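From a predicted model like this one, the values you see are computed outputs, not experimental measurements. Just so you know, these numbers use all the heavy atoms, side chains as well, and skip hydrogens, waters and symmetry mates.
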Amino acid sequence: TPIVLMGYLNPLEAMGYHEFAEKAAENGVDGVLIVDLPIEESQSFEVICQKYELDIIFLISPATTDKRIKMISDHASGYLYYVSLKGVTGAKSLDIASVEEKVSNIRTLTDLPIAVGFGIRDAESASRVAKISDGIIVGSILVKIIAESVKEKEIDLNQIKAAMHQKLTELRKVV
């Protein structure tokens, strides 16, 4: 199970891009998604990620234009993260038809896999989105697993990977 760290730019800048990427790679991280790193400012971070063989993943929203999707695709690696709805992760209303339409459009602009997140809150929504995308992102569930798995401040990525694998196995049985 690949590990992708998702977060904000400030901690990376405080630590330093090189140190962050080196530590991430040493600890089994496969990719990073920095939610507030605009594509126009990402070049130096991209170069460092490539050096440490970390995929750099970018977000695409329902409002992202085709021109911007193409620009993002040219800089991304691993996959593209399509935020399927406006609102918060785990939200209750997911319009599968509009997600399918947007994912189909994105496919015309890139060869990268497209993973869909937001609004996937149970096995039914996971199954429906899995049929129209290359992957699903179930952030709320994973945050809960991590919160239950972590004791004090020590984080064991192998423990987290095992918990995620178990949850995915459960989802597959339902799907």
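Taking OG1 of Thr110 as the reference point, atom CD1 of Ile60 lies at 7.5 Å (rounded to 0.5 Å). The line from OG of Ser77 to CD of Glu53 is 11.0 Å long, rounded to the nearest 0.5 Å.
Under the ring-ring contact (aromatic ring centres under 6.0 Å, His included) criterion, Tyr79 pairs with no residue, sequence neighbours left out. In terms of the ring-ring contact (aromatic ring centres under 6.0 Å, His included) criterion, Tyr52 has no residue partners (sequence neighbours excluded). Residues that satisfy the side chain to side chain donor-acceptor pair (under 3.5 Å) test with Glu22, not counting sequence neighbours, are absent from this structure. In this view, Ser61 and Thr64 satisfy the side chain to side chain donor-acceptor pair (under 3.5 Å) rule, not counting sequence neighbours.
Applying the salt bridge (Lys or Arg N to Asp or Glu O under 4.0 Å) test to every pair with at least one member in residues 63-75, sequence neighbours left out, gives these pairs: Glu40-Arg68, Lys70-Asp74.
Taking each heavy atom of Ser84 and Gly119 in turn, the nearest pair found is OG-N, 4.4 Å. When all heavy atoms are compared, the tightest approach of Ala76 to Leu80 is CB-CD2, 3.7 Å. Summarising the geometry of Ile137 relative to Ala115, their closest heavy-atom pair is CD1-CB, 3.7 Å, with the distance given to 0.1 Å.
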Going by atom type alone, with no hydrogens or angles, which donor-acceptor pairs under 3.5 Å involve a side-chain atom of residues 43-51 and a protein atom two or more places apart or on another chain?
{"residue": "Glu46", "atom": "OE1", "partner": "His75", "partner atom": "ND1", "Å": "3.1"}
{"residue": "Glu46", "atom": "OE2", "partner": "Ser42", "partner atom": "OG", "Å": "2.4"}
{"residue": "Glu46", "atom": "OE2", "partner": "His75", "partner atom": "ND1", "Å": "3.0"}

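Counting heavy atoms from C-beta outward, Pro62 and Tyr82 have side chains that approach closer than 4.5 Å.
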